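Read through the structure below, which is laid out as structure tokens, and then see the notes.
For reference, positions follow the sequence shown, starting with 1. All values reported here derive from a predicted model rather than from experimental measurement.
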Amino acid sequence: MQSLRFNQPSQHSKTPQPSRRRHLRNSHQDRYRDRPPDRWQLTAATLLLGLGAAPLLFELRLQVGLFVLGLLLISGAAIRWPRLQPNRWVLVALTLLGGLIVLESYRSLVGQNAGSALLLVMIALKRLESRTRRDLRVLVIAFGFLLVIQFLFGESPWLAVWMLLMLIGAIALLADLSVAGRSDKRLADWRAAGRTALILTAQAAPLALVLFVLFPRLDAPLWDLQLGDERAVTGLKDWLEPGSITELIISGEDAFRVRFDAPQNPPQDLPVNAMYWRGPVLWRTNGQRWLPLSSTTPTPTPTNRSDNAQPADALPVRELLSDPISYTVVLEPTDQRWLFALELPTQLPERSRLTADFQLLAEKPVTDLRLYRASSVVDYRMSRLSPAHERAALQLPANISERMQALVADWQASSETPAQIVQQALTFFSQPPFRYTLLPPALGANPTDEFLFETQAGFCEHYASSFVLLMRLADIPSRIVLGYLGGEYNPLSGDYLIRQSDAHAWAEVWLDRRGWTRVDPTAAIDPARVERELRFDTLGRSAPARFRVEESSALGQLVRGARFLAGAFDSGWKNWVLGYSSRDQFRLLDQLGLGQLREYGLALLMTVAGSAVMLGWALALSRRPRARDPVQRCWQRFGQRLARIGLGPQRHEAPLHYRARVLKARPDLQPTVDAIVDSYLRLRYQAPPTKTDHRILCRQISRFRPRRDRRA
């Protein structure tokens, strides 16, 4: 008993050493975990991070971008001179400095802009401290999040293509990092990694397409977390004063796209120069700034669905003089409620309403790409004008000058009807020295008087505001309408592109037996007195001056065709990708007979389709590739015959070794197996096979039908 007690291990003795298998496994993992990457992998990671973050740098503050670029430059230099690699304390200091820069730039560390900047800074710091392959793998995984957040700042198809290329590059880098050994031919290694990345991307594409089509859509984007957005949105405002439209006219940004349902583009009764896209309506003025009514009374109609037309008797319209024109609009974000349509809208988009002054308003501000359908009548007559609107349309500011009153008095003395006064005003604007210019002289406290009698140079907002005041002096109700005029037709996509440079202001006057009548005083200017200092319709807000290319030349035709091709690609992206909504999903369910299931039908269909894709790839990848060589196909059929009796070939097993293994298990098959193996070796390694030799081998294998050994 004492010896037994002595031989038992004490409770305070050391724990036994781990087993040899566990020790080998840990040492194997440690060897590959701590293995440093080569300089090519570090260079690829640095270059990939810089290219992937390039679009985001333009959206962030300058100091943040400079700090990130500095970190990337240090990372690149440390590849060539390893002594530049910072130690732990320097990395801690850089981390604190990066956080302070983000905090000072955005006064916060959360939110769309601040959070994105902080993530980019941390990823750049992670690249700077990467010393092992494991660090680079973590960096590439974090790089995927960096690619995703860039869609919070833009939705263009070119950004999507660029992010897809960056994703393929990241997968290729991961594939290269997963290989334990490296050959001396790095070009061959990168080609193999790129081939692997392309194959994986192609395999994932069908499942991504299924999820895109069938994943339930929300009314608001998944990333709309109400965190705030500091981006400036270009577009019309709900006020007008000299200089307010200039920034839009010199901007080449897109406003919206329109596709008409009519087979001809545009419809025959609607020329391009008559496409007035109606927006805000301005009534009140203090002599300098024009504003809408404080409260616009909506028409007594409920919110319309896209398939319900607006009743004609709900608006003060007496007679419709033209057929409705139907069209689809893809509107860029404006952060405003108004929607643009031709006048007079008769079929309204869903979740919208029409005001008494024919302004189309959405329920909520348009903060994302908005696709809607509408229908309009461009020729109509109105019955009467309400007293409230008549008072608003005759309101005059206090800075009416005597020269303006005398001018209108002369028109009234020589005119018998309001229509004649309107015509005299247009004739007045058409005479010299009035001219159209995008760089008018500065105006003072009474801009209308100075424009009419002193500078006589301006553009649409000057002419429209001055014309409306003159009409009100003549007791003709009038108002200003803001919107867009015209559009560029793309023959490749079949739609019209309306840019911010097409922003326009025109007037409407009330005439008996006609109602509100559109009058564009800017159109009265003689084209010979139109000054175009630059090609503003193609320049951006901050774009530099560019050389003008004549469209009649070969280069001009090439540039024009490239612009149309890019526009068609962008239009298709917005219509079929960004414009894909829950309504389109439910329409697909209706076509499949699952419309009654709604969201449950989408989930069911998505599960079935996703499982089918995964099963299809599993079956395709499990099958051995079919040999292209007819001799090899016959050899594979020989292995399939032996596999039926449990003697199938193993991977990378040589023919002689395979024959030895088969004969060891089944000596009774030796004559036939020897003949087939000898024929295969002769055809494969001795002489080029002929059709007769190949036919003999296939006949031998087709007659070979081994049976299981009953003794076994």
Side-chain angles (χ1 to χ4, degrees), residues 33-34 36-37 39-154 159 162-163 165-167 169-170 173-174 177 223 225-232:
R33 182 184 299 116
D34 297 333
R39 58 184 302 180
W40 297 104
Q41 293 170 340
L42 292 173
T43 303
T46 306
L47 184 62
L48 188 67
L49 181 56
L51 294 177
L56 186 59
L57 292 178
F58 293 98
E59 303 292 341
L60 302 178
R61 298 292 175 84
L62 178 61
Q63 53 269 33
V64 176
L66 292 178
F67 182 74
V68 172
L69 288 178
L71 294 178
L72 294 179
L73 289 177
I74 296 175
S75 301
I79 300 174
R80 177 64 178 83
W81 298 283
R83 292 183 178 181
L84 295 179
Q85 187 77 22
N87 55 32
R88 179 179 303 177
W89 297 110
V90 175
L91 288 174
V92 171
L94 290 176
T95 303
L96 295 177
L97 178 60
L100 291 176
I101 290 177
V102 175
L103 185 61
E104 191 274 334
S105 301
Y106 299 99
R107 305 301 179 187
S108 175
L109 294 178
V110 297
Q112 177 175 319
N113 295 277
S116 301
L118 184 62
L119 176 63
L120 179 58
V121 169
M122 293 298 106
I123 291 179
L125 288 169
K126 179 63 180 177
R127 167 59 194 93
L128 190 59
E129 67 99 20
S130 297
R131 290 177 172 83
T132 63
R133 292 193 176 190
R134 179 181 178 276
D135 293 335
L136 286 187
R137 293 190 187 99
V138 174
L139 175 67
V140 174
I141 295 174
F143 180 73
F145 290 94
L146 182 64
L147 298 181
V148 171
I149 65 171
Q150 301 204 43
F151 289 102
L152 300 176
F153 298 89
L159 178 63
W162 184 251
M163 292 300 102
L165 294 177
M166 295 298 101
L167 179 61
L173 181 57
L174 278 178
L177 290 171
W223 54 81
L225 303 179
Q226 306 298 327
L227 298 178
D229 190 356
E230 300 178 4
R231 289 177 295 168

Any pair counted as side chain to side chain donor-acceptor pair (under 3.5 Å), so long as it reaches [range], sequence neighbours left out:
{"range": "residues 138-151", "result": "none"}
{"range": "residues 44-56", "result": "Thr46-Arg127"}
{"range": "residues 69-85", "result": "none"}

Can you name the residues that form a side chain to side chain contact (heavy atoms under 4.5 Å, CB included) with [X], not counting sequence neighbours?
{"X": "Leu97", "result": "Phe67, Ile101"}
{"X": "Ala124", "result": "Val68, Leu71"}
{"X": "Thr95", "result": "Met122, Leu125"}
{"X": "Leu69", "result": "Leu57"}

Shortest non-hydrogen contact between [X] and [Y], atoms and distance:
{"X": "Ala114", "Y": "Val102", "answer": "O-CG1, 3.7 Å"}
{"X": "Val121", "Y": "Gly98", "answer": "CG1-CA, 3.9 Å"}
{"X": "Ala44", "Y": "Leu173", "answer": "CB-CD1, 4.2 Å"}
{"X": "Ala53", "Y": "Leu120", "answer": "CB-CD1, 3.6 Å"}
{"X": "Leu72", "Y": "Gly50", "answer": "CD1-CA, 3.8 Å"}
{"X": "Ala77", "Y": "Leu84", "answer": "CB-CD1, 3.7 Å"}

Under a 4.5 Å cut-off applied to non-hydrogen side-chain atoms, are [X] and [Y] in contact?
{"X": "Pro55", "Y": "Met163", "result": "yes"}
{"X": "Leu136", "Y": "Thr132", "result": "no"}
{"X": "Ser116", "Y": "Phe153", "result": "yes"}

Any donor-acceptor pair under 3.5 Å linking the side chain of [X] with the backbone of [Y]?
{"X": "Arg137", "Y": "Leu174", "result": "no"}
{"X": "Arg61", "Y": "Ser105", "result": "yes"}
{"X": "Trp162", "Y": "Gly52", "result": "no"}
{"X": "Tyr106", "Y": "Gln112", "result": "no"}

Taking only residues at least two apart or on different chains, which pairs with a member in residues 115-126 satisfy salt bridge (charged side-chain N to carboxylate O under 4.0 Å, His left out)?
Lys126-Glu129, Lys126-Asp135

Please name all residues satisfying side chain to side chain donor-acceptor pair (under 3.5 Å) with Glu104, sequence neighbours left out, ordered by chain then number.
none

Side chain to side chain donor-acceptor pair (under 3.5 Å) filter on Ser130, not counting sequence neighbours, yields none

Roughly how far, to the nearest 0.5 Å, is CG of Leu91 from CG of Asn87?
7.0 Å

Mind checking the OG1-CD1 spacing from Thr43 to Ile79? Nearest 0.5 Å is all I need.
3.5 Å

Less than 3.5 Å apart, which donor and acceptor atoms pair up between the side chains of residues 138-149 and the rest of the protein, not counting sequence neighbours?
none

